[in-house]
S.K.: 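Following this message is one structure expressed as structure tokens.
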Amino acid sequence: MPESSGPKQLHEEPQRVLAERFGVDRGTIEELAFIDRRDEIWACRSLPPEGIASERPSGLRAFRRQADGLKPTSTFLIALGDRITASRAALEPRDLERVLLGQRIPAPVGLTDGYVALCFREDILGCGKVRNGTLHGLIPTGRRRELLGALATDPRT
């Protein structure tokens, strides 16, 4: 099978984004294999055997290629959890609700333009983006609905 028709293993680009943008320790990142498949990058524990190609690699879809760089998926950020030590947007209940409803809010102090991990009570909920001092959520619609329902029934909010 020609090299160009199958997935390609990556190292530096996703590792750089995780380390520099999200503060993930290089040791954690080096445990993962990253596979480039069309406009997606998948994180896997190991590479598929030589000569085996599938439409979807085993593992998690970690990033999508966007015009402004690699956009992490909400699922991948959630899986990394407390390993993410930078670019965390800690949200209070009212701001979280607004973001989940698709509204833009002022970005928390200290966040620079780019992708961020949306957090509530120290838990990573998904991906967001800061642009020109404004934060908006990039969490998939179904997940947003689930989170809104959980927020509405939480007696602490």
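Nothing fancy with the numbering, it's 1 onward along the sequence.
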S.K.: Do Val24 and Thr85 come close enough that some side-chain heavy atom pair is under 4.5 Å?
M.R.: no
S.K.: Checking the side chain of Ser87 only, and the main-chain atoms of Phe22 only, is there a donor and an acceptor separated by less than 3.5 Å?
M.R.: no
S.K.: Taking all atoms of both residues into account, what is the closest heavy-atom pair of Gly126 and Leu77, and its distance?
M.R.: O-CD1, 3.9 Å
S.K.: Evaluate side-chain contact (heavy atoms from CB on, under 4.5 Å) for Leu60 paired with Thr73, printing each intermediate quantity in order.
M.R.: CA-CA 9 Å; Leu60 289 176; Thr73 64; over 6 Å; no
S.K.: Is there a side-chain contact between Leu101 and Leu148 (heavy atoms, below 4.5 Å)?
M.R.: yes
S.K.: Are the side chains of Arg64 and Ile41 in contact, using a 4.5 Å heavy-atom criterion?
M.R.: no
S.K.: Heavy-atom distance under 4.5 Å between the side chains of Asp154 and Arg121, does that happen here?
M.R.: yes
S.K.: Between Leu18 and Phe63, is there a side-chain heavy-atom distance shorter than 4.5 Å?
M.R.: yes
S.K.: Might you work through the side-chain contact (heavy atoms from CB on, under 4.5 Å) test for Lys71 and Leu138, ending with a clear yes or no?
M.R.: CA-CA 10 Å; Lys71 177 208 165 288; Leu138 301 173; 4.0 Å; yes
S.K.: Give a yes or no on whether the backbone of Glu122 and the side-chain of Arg88 come within a donor-acceptor separation of less than 3.5 Å.
M.R.: yes
S.K.: In Å, rounded to the nearest 0.5 Å, how long is the span from CD of Glu146 to CG of Leu100?
M.R.: 11.0 Å
S.K.: Does one side chain, of Arg144 or Ser74, offer a donor that lies under 3.5 Å from an acceptor on the other?
M.R.: no
S.K.: In sequence, state the C-alpha distance, the side-chain angles, and the governing distance for Arg61 and Thr75, and then conclude on side-chain contact (heavy atoms from CB on, under 4.5 Å).
M.R.: CA-CA 8 Å; Arg61 184 182 298 123; Thr75 301; over 6 Å; no
S.K.: Go through the structure and list residues passing ring pair (Phe, Tyr, Trp, His ring centres under 6.0 Å) with Tyr115, not counting sequence neighbours.
M.R.: none
S.K.: Does any part of the side chain of Ile29, heavy atoms only, come nearer than 4.5 Å to the side chain of Phe34, both counted from C-beta?
M.R.: yes
S.K.: Could you give the distance from CG (Leu32) to CG (Leu80), rounded to the nearest 0.5 Å?
M.R.: 7.5 Å
S.K.: Please report the closest heavy-atom contact between Leu135 and Ala89, naming both atoms and the distance.
M.R.: CD2-CB, 4.1 Å
S.K.: Under the criterion side-chain contact (heavy atoms from CB on, under 4.5 Å), I'd like the reasoning laid out for Val130 against Thr112: C-alpha separation, chi angles, the key distance, then a yes or no.
M.R.: CA-CA 7 Å; Val130 173; Thr112 58; over 6 Å; no
S.K.: Between Leu70 and Arg16, is any pair of side-chain heavy atoms under 4.5 Å apart?
M.R.: no
S.K.: Out of Ile78, Val99, Leu96, which one pairs with Leu125 under the side chain to side chain contact (heavy atoms under 4.5 Å, CB included) rule?
M.R.: Leu96
S.K.: Do Glu13 and Arg65 have side chains that approach each other closer than 4.5 Å (heavy atoms only, starting at C-beta)?
M.R.: yes
S.K.: Are Leu91 and Ile124 linked, directly or through intermediate hydrophobic residues, by side-chain heavy-atom contacts shorter than 4.5 Å (ILVMFWY only)?
M.R.: no
S.K.: Do Thr134 and Arg104 have side-chain atoms, one donor and one acceptor, less than 3.5 Å apart?
M.R.: no
